[in-house]
Amino acid sequence: MITPAELLCARWLDRSLFLRDPRYVARELLGKLLVRRQTGEWLAGRIVETEAYLGKNDPAAHAAAGRTPRNRVLFGPPAHAYVYLIYGNHYCLNVSCLPDGEAGCVLFRALQPVAGKDAMARNRHLDLRQLSGKRVRLLTSGPGRLTQAMSITRLQDNGKDLLSPDSDLILLDDGLRPKRVGTSKRIGITKAADAPLRYFIAGNEFVSGTKREFAICDL
DNA sequence: TTATAGATTGCCT
DNA sequence: GGCAATCTATAAT
């Protein structure tokens, strides 16, 4: 866990990072902080697992079908939140990449809680006292879990600039760098299922889908 | 207008 | 490991 003072010292990310290819951004975001600034308490999680979704050449990407009302954020300026409902139950959070007009994004698949754990547990309707050992993973391990923990919804958050000082949902860098990064196929998709576009901090207990095959990336 | 699949999760055996 | 829950974008009538 990190203190509110430490969070205030964390740096903003440079928007130019998000102009780059989602595969690069997905790796670069590992170790960074996703922060919900709400009155009373800040919630923050370290990004430990991501997936890259490309443009029209990636059949698994929402952008593959071209611009629609749902995916318009993907075609907009970089570093904005793309939030959508999946399976009628869960929200997924992505950040847009590449210049305005070009689609591409990174999906946030898992966070390690670093601040506001109590609020996260409340948002998840879980009792923190019962989350001993490996069960803490239930807080933020998985794309639907982390959005619920951070109370991210399409109505509230879709289209928000994640680098704006006015935003209540932002990305920060506290200087931590992952020691080892793993890569594997993306999880839960049927099209382009073999592309190795998932990235995670190797060994981190909040990473989802651990029993699958992976390789260690060069940093 | 109706049908279907989906970047998931949680509860069941 | 199997499968229901629950909504909606998109495809098929």
Side-chain angles (χ1 to χ4, degrees), chain A residues 18 21-23 25-27 29-30 34 45 47-76 80-98 103-113 120-128 130-159 162 182-200 205-214:
Chain A
F18 297 89
D21 186 289
R23 285 167 283 211
V25 181
R27 262 175 298 186
L29 283 178
L30 293 174
L34 178 68
I47 300 163
V48 299
E49 181 184 353
T50 57
E51 280 177 1
Y53 286 84
L54 316 179
K56 61 174 192 285
N57 296 323
D58 179 4
H62 287 180
R67 194 184 200 126
T68 66
R70 176 173 67 158
N71 68 19
R72 65 185 175 78
V73 176
L74 296 178
F75 291 83
H80 287 246
Y82 171 51
V83 182
Y84 67 90
L85 185 68
I86 187 66
Y87 295 114
N89 297 317
H90 310 285
Y91 291 103
C92 287
L93 170 69
N94 302 254
V95 58
S96 61
C97 301
L98 300 171
C105 66
V106 172
L107 168 71
F108 295 80
R109 283 199 57 91
L111 299 177
Q112 173 168 21
M120 290 187 192
R122 280 198 303 277
N123 290 338
R124 293 272 298 124
H125 312 296
L126 293 168
D127 184 348
L128 207 48
Q130 292 174 12
L131 296 182
S132 54
K134 289 182 198 163
R135 287 173 51 80
V136 253
R137 287 169 34 82
L138 291 175
L139 279 180
T140 49
S141 177
R145 290 173 179 159
L146 76 87
T147 50
Q148 190 182 21
M150 301 285 286
S151 69
I152 292 166
T153 63
R154 183 184 60 79
L155 213 60
Q156 274 193 106
D157 302 303
N158 189 47
L162 296 180
T183 181
S184 80
K185 296 174 183 178
R186 293 175 291 188
I187 294 179
I189 57 170
T190 53
K191 301 170 195 160
D194 290 336
L197 299 178
R198 169 173 173 259
Y199 305 92
F200 56 94
E205 62 174 327
F206 287 87
V207 172
S208 74
T210 49
K211 296 207 298 200
R212 65 197 63 227
E213 244 183 80
F214 68 94

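Note that these values count all heavy atoms, side chains included, but never hydrogens, waters or copies made by symmetry. Labels below follow one simple rule: chain letters A, B, ... track the order of the sequence lines, proteins then strands, and each chain is numbered from 1.
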*Asks:* If I take atom NE2 in residue His62(A) and atom P in nucleotide dA7(B), what distance separates them, rounded to the nearest angstrom?
*Replies:* 5 Å

*Asks:* Looking only at atom P, what distance separates dT4(B) and dA4(C), rounded to whole Å?
*Replies:* 16 Å

*Asks:* Could you tell me how far apart Lys191(A) (NZ) and dA11(C) (C1') are, to the nearest whole angstrom?
*Replies:* 11 Å

*Asks:* Closest approach of Thr140(A) and Pro113(A), non-hydrogen atoms and distance?
*Replies:* OG1-CD, 3.3 Å

*Asks:* Return the value, rounded to whole Å, for the distance between atom CG of Leu85(A) and atom P of dG6(B).
*Replies:* 15 Å

*Asks:* Using atom OH of Tyr87(A) as one end and atom P of dT4(B) as the other, report the distance to the nearest whole Å.
*Replies:* 17 Å

*Asks:* Taking NZ, NE, NH1 and NH2 as the nitrogens, is one of them in Arg23(A) or Asp58(A) under 4.0 Å from a carboxylate oxygen of the other?
*Replies:* no

*Asks:* Could you state the atom-to-atom distance from CZ of Arg145(A) to C1' of dC11(B) in whole Å?
*Replies:* 12 Å

*Asks:* Report yes or no: is the cationic atom of Arg198(A) (NZ for Lys, CZ for Arg) under 6.0 Å from the centre of the six-membered ring of Phe214(A), at an angle within 45° of the ring normal?
*Replies:* no

*Asks:* Salt bridge check: are Glu205(A) and Arg137(A) linked by an N-O gap of less than 4.0 Å?
*Replies:* no

*Asks:* What is the distance, to the nearest angstrom, from the OH atom on Tyr91(A) to the P atom on dT6(C)?
*Replies:* 14 Å

*Asks:* By nearest atom, which of the nucleotides dT9(B), dA7(B), dA9(C) is closest to the Ile86(A) side chain?
*Replies:* dA7(B)

*Asks:* Considering only the P atoms, how many Å lie between dT6(C) and dT2(B), rounded to the nearest integer?
*Replies:* 22 Å

*Asks:* Select one nucleotide: of dT8(B), dT10(C), dG10(B), the one nearest the side-chain heavy atoms of Leu138(A).
*Replies:* dG10(B)

*Asks:* Starting at CG of Leu74(A) and ending at C1' of dA9(C), how long is that distance when rounded to a whole Å?
*Replies:* 14 Å

*Asks:* Rounding to a whole Å, what distance do you find between Arg67(A):CZ and dA9(C):P?
*Replies:* 17 Å

*Asks:* With nearest nucleotide decided by heavy atoms, which residue, Thr190(A) or Arg124(A), maps closer to the 5′ end of DNA chain B?
*Replies:* Thr190(A)

